[in-house]
Amino acid sequence: MFANINWADIGQATLDTLVMLAGSLGFSVLLGLPLGVVLFLTGRGRLLANRPAHAALSFAVNVLRSVPFVILLIVMIPLTMLLVGTSLGVAGAIPPLVVGAAPFYARLVETALREVDPGVVEAGQAMGATPRQIVFGVLLPEALPGIVAGATVTAIALVSYTAMAGVVGAGGLGDLAIRFGYQRFQTDVMVVTVVLLLVLVQGLQWAGDRLVIKLSRR
Amino acid sequence: MISFQSVGKTFARAAAPALRDVSLHIAQGEVFGVIGQSGAGKSTLIRLINGLERPSSGLVVTDGEDVGALDPASLRALRRRVGMIFQHFNLLSSMTVAANVAFPLKVAGVPAREIDARVAELLARVGLTDHARKYPAQLSGGQKQRVGIARALASGPKILLCDEATSALDPQTTEQILDLLGELNRELGLTIVLITHEMEVIRRVCHRVAVLDAGEVVESGDVAEVFLHPRHPVTRRLVADAAGLAGGAPAGALRLTFRGEATYEPILGRIARDTGVDYSILGGRIDRIREEPYGQLLVALVGGDVALARQRLEAAGVRVEEA
């Protein structure tokens with residue numbers, strides 16, 4: 001049944017996927033969270049409403065989000081070389097993964113912040129809080145469940161992005177599924193990799209949901 | 001303490017101005033009510049006091065500062081001297097009761113070691129000591145508003161703004177919250193400005209009242225005077241809803257107003273007997289405006305010497321008006 005399977009390869013691919021996922025999710029949150037906060041704050045009627053800044057940021061986010069990820073991988077090669085010294089392997093996949101996922105996460109953060117009751121922000125203003133105190137003391141704590149839920153969605157999107165990272169030789173489970181399972185008709189490899197990906201996605205969703213419930217005080 | 005001088009406010013994209021030529025003076029230590037129907041401009045008015053809105057014209061002076069002209073840092077400093085509570089409480093759902101009350105102290109940069117003691121004191125003041133570690137979602141509406149009050153008092157303000165603070169509460173809880181506000185006014189000398197659409201709220205705690213209609217102050221003055229003898233049609237309607245004197249009165253009916261101790265004296269019976277007049281009571285109410293008792297009766301006088309009865313009633317300190 002599992003004649004074609006080299007478990008050492010599967011192990012390495014799983015590890016590569018996990019490393020790519022952890023690295024790109026970490027940087028995506030690091031970049032996407034502040035970007036989402038700025039997108040929200042500069043929006044119409046918000047604390048630091050600024051139409052030109054909001055329009056420019058929003059446009060940049062939309063441009064990045066509309067480029068298909070496979071294209072992004074290739075277009076990004078010079079920048080990736082500059083950032084991590086190689087455009088190949090796990091390290092080479094992380095910059096395009098981050099550029100693909102950070103704008104997506106930024107939009108999810110913006111949406112989560114919009115869900116915060118404007119009355120609570122007004123209460124903060126009425127107390128004499130500075131915009132900074134409102135962001136860190138009111139907006140982020142109140143939106144935390146939404147921000148975590150957004151990170152879960154982003155992590156799962158990244159799992160499927162990593163499958164395409166095989167194009168730059170990044171390895172990982174998705175790459176294995178395409179090269180062996182699809183191109184060499186090794187159905188058993190396909191099944192095993194897809195099951196592992198499914199377990200990963202299920203695990204991420206479950207952990208994310210648990211965390212959101214724990215954080216929700218409503 | 002707070003003054004409005006010919007204040008106008010127009011919002012962009014709005015057809016009519018939210019406020020027109022509003023002039024008011026609110027003295028230190030008084031409870032001042034602003035009443036009006038929804039859309040009358042009450043919320044805009046109260047938000048001008050702490051600069052959540054800026055006037056389009058005229059001058060708003062709060063605690064000696066021209067609110068419209070303050071730079072952001074001075075405005076924040078002013079807001080720390082002005083507490084505010086809200087209809088929907090606006091508590092931080094992600095924080096405990098104690099953390100909510102501590103928030104303005106952190107904002108003001110109070111040292112951490114002083115915060116706990118101050119929070120405990122504030123929670124005791126509003127009777128929530130046992131709920132310090134709960135989250136807002138675990139509290140009733142009245143308890144949430146008490147948290148809001150404790151939070152508003154945290155920075156030791158001189159002024160408390162109440163934006164429809166009891167409109168989301170049931171009548172009994174409303175009474176408790178209003179009693180608490182009255183207590184804070186007496187014990188801390190807090191100046192309170194409250195806006196509401198309910199005359200009962202005004203009657204219970206306010207010293208003076210302004211009636212707002214379509215962005216203009218149509219009537220203002222001492223609460224007893226405005227409540228018992230409303231002049232403007234809008235005020236009459238608001239009072240009628242509250243006073244139990246609604247409905248058409250038959251021709252010739254009189255409205256008798258008793259105030260103070262006279263409320264409890266058998267004046268009407270005595271005068272009716274002396275003048276041979278019969279009376280029937282068509283409606284009325286005996287209650288208090290803040291601490292002062294009053295009675296207001298709608299009566300029809302028949303037979304005997306009605307003119308003399310009216311004269312005697314007036315001589316006894318009863319105000320007599322055609323209903």
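In the text below, chain A, chain B and the rest are named by the order of the sequence lines, each starting its count at 1.
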#### Entry: Flag if over 12 foreign heavy atoms under 6.0 Å of CZ, A:F69
yes
### Task
Check the surroundings of atom CD in B:Q37: do more than 12 heavy atoms from other residues, nucleotides or ligands lie under 6.0 Å from it?
yes
Given that the side chain runs from C-beta out, which part of [X] has a heavy atom under 4.5 Å from chain A: side chain, backbone, both or neither?
| X | result |
| --- | --- |
| B:L78 | neither |
| B:L92 | both |
| B:R151 | side chain |

### Query
Between B:S155 and A:M127, does a side-chain contact (heavy atoms from CB on, under 4.5 Å) hold up when you go through it step by step?
CA-CA 8 Å; B:S155 57; A:M127 278 173 215; over 6 Å; no
### Query
For B:V205, which residues count as a side chain to side chain contact (heavy atoms under 4.5 Å, CB included) partner, sequence neighbours excluded?
B:V31, B:L178, B:L194
### Query
Where do A:Q125 and B:R79 land on the side-chain contact (heavy atoms from CB on, under 4.5 Å) test, with the steps shown first?
CA-CA 8 Å; A:Q125 287 178 287; B:R79 285 172 179 171; 4.0 Å; yes
### Query
A:T130, A:L144, A:V121: which one forms the most heavy-atom pairs within less than 4.5 Å of chain B?
A:T130
### Check: B:N50 side chain, A:A126 main-chain N or O, donor-acceptor pair, under 3.5 Å
no
### Task
Would you sort out whether B:L91 and A:V120 count as a side-chain contact (heavy atoms from CB on, under 4.5 Å), showing the intermediate values?
CA-CA 6 Å; B:L91 302 176; A:V120 185; over 6 Å; no
### Message
Quick check on the structure: residues of residues 99-129 of chain B within a heavy-atom distance below 4.5 Å of chain A, by number.
### Response
B:F103, B:P104, B:K106, B:V107
### Message
Counting only non-hydrogen atoms closer than 4.5 Å, can you tell me which residues of residues 61-75 of chain B sit against chain A?
### Response
none
### Query
Atom CG in A:D117, atom CZ in B:F86: separation rounded to 0.5 Å?
10.0 Å
### Message
Would you compute the distance between atom CD of A:E122 and atom CG of B:N90 and round it to the nearest 0.5 angstrom?
### Response
7.0 Å
### Message
I need the full list of ring pair (Phe, Tyr, Trp, His ring centres under 6.0 Å) pairs touching residues 44-83 of chain B, with sequence neighbours left out, sorted by first then second residue.
### Response
none
### Query
What are the two closest heavy atoms between A:G128 and B:R76, and how far apart are they?
O-CD, 3.3 Å
